[in-house]
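What follows is a short report on a single structure.
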Amino acid sequence: MHTYTLTLIEPTTGGQIADYSRRARNVEIGDASISFEVQMSAWEAIQFLDNPRVYHLVLSRFAKRRIYRVISPTLTSTGLRFEGITLIDGLNDDQYCATWSDDEIGSWRTLVTDDIASAMSDRFSFDFQNRLYIAPEKNATHGAGINGLIGYPGLAGGTRQLRGIQFTYDLTAPVGWTAQLLRRDSAWGSLSSVWALAGNGATQTGSLFITLAACDRLAFLLANTGAAAVFAGETGSVYLKITSIRVVTATTGLINTTLGTTIAAGVRVVTPASMANIVTGRQVTVGTATAGTMERVTVTATTATTFTATFALAHNNTDSVFGFVGLYADEIVRDILAQLVALNSSALASTTARISTPTLDLNRAKWINASPLDILAELAAPLDYVYGVDYERRLYFYARGSYARAWAVRVADLELQRPLEGMANSVRAAYEDAAGAIAHTAYSTNAASVAAIGLTRRRTVEARTTSATQATAVRDTNLTLTKDRQIKIRVQVRRLFSPDGAEWPADQAKPGDTLTILNLPAALAPARKLRTFTVTETGFNPETGLPDIVLESPLPGIDVLIGNVPAGPFRDWRNPA
Amino acid sequence: MAGPTLMQFAKGTSYVDLNSRVYRLVSWSPSIPQRTRAVIGVDGPYAEVEEAFEIMIVGATESEALSAFHALVLMLDEAQAFYDGVQATPVTWRIKTADGANILADMILGYGSDAPVQPSATWSEKLRAYILPNIVVSFRRRGRLVREVEETSTTSAAAAIGTLHSVTFSTNADVASPLRIQFGGAGSFISGTPSSVTNGMLLVGRSSSSFSIIEAESMSFALGYSSVADGLACSGGAVLRYTPGGTTRAQTAWVSATVPKRCAIILETRNNTAGKNYTIDLEVRADASTSIRSGVEIIDAATTLPRFITLPPLSLPKAGTQISLGIQADSAGGTLDIDRVILLDLTDPYAAAVVHGAANLISNLTPVGTDAFLVADHQYLTALDPAVSFRRSVGVAQALCSTVESNPALNSIGTTCAAMLLELDGSGTWAPASGGSRLNVQLTATRLLASLTPR
């Protein structure tokens, strides 16, 4: 007889508006939603209909709460029907507009005199074929104040400013010519030059990582700094070529130290001043800003104080070691949460304690007025992460199964189906390369599945990325999810037990938990996964106290309680607490 | 016919006496409430029932008969109006089975499935004889009949807030009976400080054995943990302090505890470091080899003041004998303090944990120093819903709590009752305190002895 209270709360003050524990009728409670009716007069009901405040519904028992946001108060002939969903709806309170990392060549464009007066685009040749390329045109006049400029316009109205850039350069120009990287404000106004390289008549190449004082825009410049004169060389004989470019707005994971060891070229072990963020496989840029002294190397081994790499150049112990460790999804999720909390402090809780850090670098991460809900879905997909808002308004984002619990039940009724639909045991991912061309990963095939089923079913999944690494992760995640026939099952659970035999309150099962049906033969577990299933939706009947548990993919006809919330492929409202 | 010596409807001081010269009970078979598994909208383990009986009205005049008929209809109409929330005075149904028996009462919850007053087809036949025969009266009521006279038991001495209090009643309640809990006394909450409470929790069980209270500092003999003296009115003078050296889960020492098969877990905690987050769980074992963990809860960085954290309830295949806490920090450094671990036995069907939000005491309970009480009142016969408030005395000035969560419709069975009050006032102490010592409160438990049948 441990009962719940169902109260209506004004979220900004925390004040209780009403206790509907007794008056609520036809109550339906799920992990994602709640609905009930209250008999009331039109005079009482009107407060919820006349431009009503957004209240919270709190279902509470033994000091544990489930908080829902009232989304659709509905006047009926007998009173008011309340419908609420968890505070995942708080993710719909705002849109997100930010660039975190951009490696897209298409994000850059030729600057013209309308942008910057000195940008004489008609005197240069430009191309954007997987590179930024500027070359003075033959027979055009070039000199001081006549610049070839390619600009990165940033994201107007975005919430983040540019803080770093990495690129590989190739400058072929005679003395008197210069290549530069310029910081610019949001109107292309000049701020500073952060990199400059003078022509010397030879081809100069190198890789750079440059941290920036915050700015809105960037521009690469190629110009003759001397007196104006007609350029008599062939077009393309002088040029600036930029490749492997990446612009970032965060430098949280920055490697910024000195080499610590003077070395000759070759495979070397160095002892940098700091090993922070230096791990095997990481690319770091080593050298000084002086032309020809900087290179990008890959770390092949580490100890607590040293790393090993193959160096093409000799270096001094004072040479800089730079690297951008990577952009991880949790940093973006935290920023989204901070933005939403700043907007409505009573909606989502500010804690980031349930946001975990994955290790997949996001080289292209930018959104223009996107739904935070969609962004979380996009971020979670390649990681096999789950996300949502728990009953205490806390945003969570962590690996599927992190807080899963196991249950064991004997079911009163059972129907189980293994449809072929949706199964694919050979999967590849389609993505765009940095030049915007369609690329595919190789197929990954699960041999065990092919052998068991007797045929190969191929599918190509879409990966919204320019990274082959990310696309591979998307492919592998999808293969894991689809290599076996899907399971559709309907069960009726009367009591909930942990595997050790302890009976638990019916409301403790959460999406993501596993449930083993003891009625089924033990031989079906675990490899065939026909005895233990994943809980996808839960609820309970407040009139009978019985749990309402949906496993795997529900059979047609099962009431899908999340029908009121926007759908997403990896959404999960599990509450680990 | 022989029947109850008293059967009446009562609305305040207005009565319709169904066993009188005018109203005469013809036939009645009492309705017996059944147990319910409903978890919302119920105030005890029993479901509402529909009661029905047949009466006749015998007037001295035609007018008297018709007036009595009208009064009967009006009474049940007002009962429905009250249930609909538009009437201030509730209507109760009162019976007394025999001389010397106790009056039993129940609140009418409006109409049943049929019309509340159904005259017979021969309604007009004997009107000239001032008789209205075979009138069927039906209504819905809460379910349990309760004695109108309360039974009260008070602890003999006041004790610090947070102490487990027990009382013994003089009567053995054989049916779960609506229970009112009152904690307080002279200056208990308003002795100058605190002027308000920020939140609190009232824990109730059948007896003290429904509680298991562990001073957390007893678990300190483990890496990363220490027992630290605390002068902010903590329990036992010291707290368990966790100083994370990393981000892996660190476990406290095991200590003996009586752990029921199913229990609620409440922790008195303080996150001393802004920006730090911890996850925490309770691990239980009955022998040295097998242990079971509760679900985890987050202790976030929302405040560095003491607060109550409730872990997910824990179920065990058999009772546990030792507990240990597991804490995981999101980064090294900082400290987390835990004063006590409180386990409440959920196999006790009448165990309850009622949470309340902030209440302003000074503006409602002045003058300072007068009696003040926190009261969780079932209001079984007086209101549709239970209430939690701070009061100077029952029935007068109330300081309402901003929120009340978890059902405060408390019940008691047997001869004993135990309760504990946890309060915070936002001052940084582990409980409302004066001069470094927790304020004292006294427990008064009052119940309406219930019955499933007229007796």
Side-chain angles (χ1 to χ4, degrees), chain A residues 1-7 9-10 13-16 19-25 27 29 36 39-41 44 58-65 349-354 390 392 394 403 405 496-508 510 540-546 575-577, chain B residues 35-46 84-86 176 201 261-262 264 266 277-279 290 292 295-302 308 310-318 330 344 346 349-355 357-358 384-386 400-409 411:
Chain A
M1 61 148 295
H2 301 131
T3 56
Y4 291 87
T5 49
L6 179 57
T7 53
I9 302 292
E10 207 293 300
T13 64
Q16 186 169 307
D19 182 345
Y20 290 133
S21 307
R22 173 170 288 278
R23 298 174 66 190
R25 296 286 180 266
V27 184
I29 298 169
F36 61 91
Q39 183 176 327
M40 62 175 68
S41 70
E44 185 182 358
V58 178
L59 189 70
S60 174
R61 175 164 81 167
F62 279 109
K64 297 299 291 180
R65 306 189 300 172
S350 60
T351 180
T352 58
R354 284 188 167 162
D390 71 14
E392 289 286 356
R394 295 178 292 223
Y403 293 91
R405 290 198 279 180
L496 194 64
F497 293 89
S498 50
D500 54 34
E503 183 175 1
W504 287 70
D507 62 353
Q508 288 299 298
K510 302 287 187 295
F540 62 93
N541 184 329
E543 293 182 2
T544 62
L546 295 177
N575 173 23
Chain B
R35 282 188 173 265
T36 178
R37 293 190 69 182
V39 291
I40 288 184
V42 291
D43 43 36
Y46 299 98
D84 288 344
V86 295
M201 190 183 300
K261 283 183 66 176
R262 195 158 62 245
I266 298 113
N277 296 283
Y278 302 86
T279 56
T290 307
I292 292 171
V296 301
E297 183 52 273
I298 300 287
I299 301 176
D300 62 25
F308 313 125
T310 309
L311 296 185
L314 179 66
S315 290
L316 306 167
K318 64 177 184 178
D330 63 355
L344 180 58
L346 296 186
Y350 308 110
V354 180
V355 178
L384 290 174
D385 298 309
L400 294 174
C401 305
S402 61
T403 55
V404 175
E405 296 172 4
S406 302
N407 195 352
N411 286 277

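In what follows, chains are A, B, ... by sequence order, proteins preceding strands, each numbered from 1.
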Does the [X] side chain pair with the main chain of [Y], one donor and one acceptor, at a distance under 3.5 Å?
| X | Y | result |
| --- | --- | --- |
| B:K261 | A:A502 | no |
| B:E405 | A:T7 | no |
| A:T5 | B:S406 | yes |

Which of A:S21, A:A24, A:G501, A:S350 touches chain B most, by non-hydrogen pairs under 4.5 Å =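 Highest number of heavy-atom pairs under 4.5 Å: A:S21.
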
ask   = For the candidates A:A63, A:S498, A:G15, which exhibits the highest count of non-hydrogen atom pairs separated by less than 4.5 Å from chain B?
value =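 Of the options given, most contacts go to A:A63.
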
Let me know if [X] has heavy atoms under 4.5 Å from chain A in its side chain, its backbone, both or neither.
| X | answer |
| --- | --- |
| B:V354 | neither |
| B:A351 | both |
| B:L311 | backbone |
| B:L344 | side chain |
| B:A352 | backbone |

Any residue meeting ring pair (Phe, Tyr, Trp, His ring centres under 6.0 Å) with A:F62, in chain and number order, not counting sequence neighbours = A:H2

query = Which residues satisfy the ring pair (Phe, Tyr, Trp, His ring centres under 6.0 Å) test with A:F36, sequence neighbours excluded?
reply = A:F82

Relative to chain A, which of [options] shows the most heavy atom pairs under 4.5 Å?
| options | answer |
| --- | --- |
| B:A353, B:A358, B:G357, B:S315 | B:S315 |
| B:D300, B:I266, B:I299, B:T279 | B:D300 |
| B:L314, B:V355, B:T403 | B:T403 |

Contact origin within A:D500 toward chain B - heavy atom pairs under 4.5 Å =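 When you check distances to chain B, atoms from both the backbone and side chain of A:D500 fall under 4.5 Å.
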
ask   = Is the shortest heavy-atom distance from the side chain of A:R65 to the side chain of B:T310 under 4.5 Å?
value =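 No, too far: nothing below the 4.5 Å cut-off.
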
inquiry  = Within the 4.5 Å heavy-atom criterion, are B:I298 and A:D390 side-chain neighbours or not?
reply    =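 B:I298 vs A:D390: side chains apart.
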
task = Salt-bridge test for B:D385 and A:R23: reply yes if a basic N is under 4.0 Å from a carboxylate O, no otherwise.
result =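 No.
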
ask   = Closest approach of A:Q39 and B:D84, non-hydrogen atoms and distance?
value = NE2-OD1, 3.6 Å

inquiry  = To the nearest 0.5 Å, what is the distance between CD1 on B:I40 and CG on A:L59?
reply    =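 B:I40 atom CD1 to A:L59 atom CG measures 5.0 Å (nearest 0.5 Å).
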
